Amino acid sequence: MSDLPPPDSHAFQVDLRGLVDLLSHHLYSSPRVFVRELLQNAVDAVTARRVLEGVAGSGPSGGPNGGAGAPPQEPIRLLVDGSGLRIEDPGIGLTEADVHRFLATIGRSSKRDDLIGARQEFLGQFGIGLLACFTVAETIRVVTRSAADPSSPPVEWLAGSDGRYRVRTLPDAERAEPGTTVHLSPRPGAERWFAPDRVIALARDFGALLPYPVEVVADGRTHQITDAPPIWDRHYPSGTARRIALLDYGAAVLGFPPLDLIELDLPLGGVRGVAYVLPSAGSPTEAGRHRVSLKGMLLSDAATGVLPDWAFFVRCVIDTDTLRPTASREGLYEDETLAAIREALGGQVRDWLTRLAAEDPQRLATFLAVHALGVKALARHDLELLQIMLPFLTFETTDGCVPLTEFARTHGTVHVSATVEEFRQVAPIAAAQGIGVVNGGYTYDAELLARLPEVIPGVTVDELRADIVAAHLDLVDPAEELALASFLATARATLDPLDCDVALRAFHPVSVAALHLDNRAARQERARAETEAAADELWAEILGALKSTAPRVQLVLNHHNPVVKRIAGITDPALLTAAVEALYGQALLMTHRPLRPADTSLLNRAFGELLTWAAKAAKSNEGR
């Protein structure tokens, strides 16, 4: 049994004003799209007529004149005057029945219903383009004559933004040739959208790549809008001339001078265009915004999802005839086709990098000086590319900023610091002791270092631990250390409340008085203890049960350092305690880590005591 309403039930009524408000505030990003919708309908009408007449190369891909052997194409013409805007096209036109069927029924499209076999040739998808013009127009007047039925008279469709419309036939003299003219009169407050300069700019922005000639007539002058074929499909006398033309085009449409360019061509995917390399470093967190046209009509200059996320260092200008637009025709529909094209375009960017590495290392170096981060983002998941790029990618190491291929030749074991701060603290000491350390604190570096053994056999990659550094520091002569037993005992007692052990070693550089050695387990235990102290009774009990016996932080005093030697000779217990606390604070500051409240309190106390002692000493000297 059918669940459909009976034949005598009521049909839905549409509030046109409400629908226009919905379009202008929720579907379309700006009223500017009315020019695009007018151009789109005109292009589709011309395409439909050429399909009807069997003109070779009738689709948008057939070039500005519809393909070889086609008759010259009359232009689509926009005319701007004081009364508003009108657009004329030599397209298929409509009969009176068509007008009632298509223009007066919201959501119905002649292309969808009558020309389904030629679907791929059309720009329009949703049959609401003309309705979108009510976002700026008070009335829309359409005068049309059908090419499919030459005997039918011209027809006028006149509609207002209040939802009322009128249809009437006209004398043959009103329109002798097939085609359509659409007249728009501006709504109050929307007159700025009909200014000649704005209409020219919008028509050029949306329609510069359209396959049929388009022109705007304003103030007695004719402005050519289309510039076909697209710049990437033109013939140039040399590769250098082509490169210069493409770079100039990118700078004009994207608003920045590109650092480089990558030509994109996917014949099976119906995509042609250029990827332009940003002149400055981009952020991996920012989605690429690309300029995408559908069969020559601009969809969006901020489309996302065209390239993989790792390719954040380029911006694309492409034209496609296979991707699906969203309902607003201002973006791309995420489907399997888009995913496949995204992957294929990403492959072309990757191939470009590979070619540079093999053929033009200097150009690659220029690129990497700005966009090494983007290449690292890609190389994380592409072992072959990592192997190709490794000689060109530099990393911060104890040997300076060098490629890992060079670093691995000197150090069979590569130690990786977890943070930038840890590297900066340990690097001078590790370099002096011959320990090979790479800074793993930068984005993607730790992930790439973890894959290093896959690329360079025989290399070992290990986390930098406190015990590794300590093991490379020279032991102090037992007799000398015994002589400093009292000093070391005071130091250990002073720092024990901070979960810090004290050790005495001899190392270079001599200028470093003390080294604060931490490890991941100690940091985790310290974070647990801090959370426990601030938690309520229940959570404190739970966190207390998780207490670990991880190795504690170490303060390693440098026996070679003259300051340490002088502090070891202090006999005043209070002054010695303050001096040890100052050494700890100085070593902690060298790590560049955030200070805990207890550390801040210690530093304030230590430096306060030292200042007080210095003031007393100065006063004592004055009294002598």
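Just so it is clear, the model here is predicted, and its values are computed rather than measured.
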Are any of the side-chain heavy atoms of [X] and [Y] separated by less than 4.5 Å?
{"X": "W193", "Y": "T135", "answer": "no"}
{"X": "R36", "Y": "L298", "answer": "no"}
{"X": "V216", "Y": "R204", "answer": "no"}
{"X": "Y212", "Y": "D89", "answer": "no"}
{"X": "I231", "Y": "Y236", "answer": "yes"}
{"X": "D205", "Y": "R32", "answer": "yes"}
{"X": "I244", "Y": "T240", "answer": "yes"}
{"X": "E454", "Y": "L386", "answer": "no"}

Between atom [atom1] of [X] and atom [atom2] of [Y], what is the distance when rounded to the nearest 0.5 Å?
{"X": "L307", "Y": "F312", "atom1": "CG", "atom2": "CZ", "answer": "12.5 Å"}
{"X": "S417", "Y": "Y442", "atom1": "OG", "atom2": "OH", "answer": "9.0 Å"}
{"X": "I435", "Y": "H415", "atom1": "CD1", "atom2": "NE2", "answer": "6.5 Å"}
{"X": "M297", "Y": "L209", "atom1": "CE", "atom2": "CG", "answer": "10.5 Å"}
{"X": "N41", "Y": "C133", "atom1": "CG", "atom2": "SG", "answer": "7.5 Å"}
{"X": "T460", "Y": "H411", "atom1": "OG1", "atom2": "NE2", "answer": "13.5 Å"}

- prompt: Mind checking whether F313 and F367 have parallel, tilted or perpendicular rings, split at 30° and 60°?
  reply: perpendicular
Is a donor on one side and an acceptor on the other found under 3.5 Å between the side chain of [X] and the backbone of [Y]?
{"X": "Y276", "Y": "L246", "value": "yes"}
{"X": "T337", "Y": "L323", "value": "no"}
{"X": "R315", "Y": "L278", "value": "no"}
{"X": "D319", "Y": "G296", "value": "yes"}
{"X": "R50", "Y": "I92", "value": "no"}
{"X": "E191", "Y": "P186", "value": "no"}

task: Could you please spell out the steps behind the side-chain contact (heavy atoms from CB on, under 4.5 Å) verdict for V277 and V314?
output: CA-CA 4 Å; V277 180; V314 295; 3.9 Å; yes
Worked check of side-chain contact (heavy atoms from CB on, under 4.5 Å) between I76 and I225: CA-CA 10 Å; I76 296 168; I225 298 302; over 6 Å; no
query: Should we count CD of E343 as having more than 12 external heavy atoms under 6.0 Å?
result: no
Please name the pair of heavy atoms, one in [X] and one in [Y], separated by the smallest distance, quoted to 0.1 Å.
{"X": "L264", "Y": "Q348", "result": "CA-OE1, 3.2 Å"}
{"X": "D445", "Y": "G440", "result": "CB-CA, 4.4 Å"}
{"X": "L259", "Y": "P279", "result": "CB-CA, 4.0 Å"}
{"X": "P229", "Y": "D233", "result": "CB-CB, 4.2 Å"}
{"X": "V459", "Y": "A408", "result": "CG2-CB, 3.8 Å"}
{"X": "E74", "Y": "P90", "result": "O-CG, 3.5 Å"}

Decide, yes or no, whether a salt bridge links [X] with [Y] under the criterion of side-chain N to carboxylate O below 4.0 Å.
{"X": "D399", "Y": "R409", "result": "no"}
{"X": "R342", "Y": "D309", "result": "no"}
{"X": "R424", "Y": "E396", "result": "no"}

- line: side-chain hydrogen bond (donor to acceptor under 3.5 Å, both in side chains) pairs touching residues 352-370, sequence neighbours excluded, are D260-R363
- prompt: Are F34 and F194 near enough that their ring centres are under 6.0 Å apart?
  reply: yes
message: The test is side-chain contact (heavy atoms from CB on, under 4.5 Å); show your working for V46 and V43 and say whether it passes.
response: CA-CA 5 Å; V46 172; V43 169; 5.8 Å; no
task: Determine, step by step, whether R272 and D321 satisfy the salt bridge (charged side-chain N to carboxylate O under 4.0 Å, His left out) criterion, reporting the C-alpha distance in whole Å, the side-chain angles of both residues, the deciding distance to 0.1 Å, and the verdict.
output: CA-CA 9 Å; R272 289 278 287 132; D321 59 15; over 6 Å; no
task: With R324 as the cation and Y333 as the aromatic partner, state whether NZ or CZ is under 6.0 Å from the six-membered ring centre and within 45° of the axis.
output: yes
- prompt: Should M389 and L364 be marked as a side-chain contact (heavy atoms from CB on, under 4.5 Å) after you check the CA-CA gap, both sets of side-chain angles, and the distance that decides it?
  reply: CA-CA 10 Å; M389 289 290 124; L364 177 65; 4.1 Å; yes
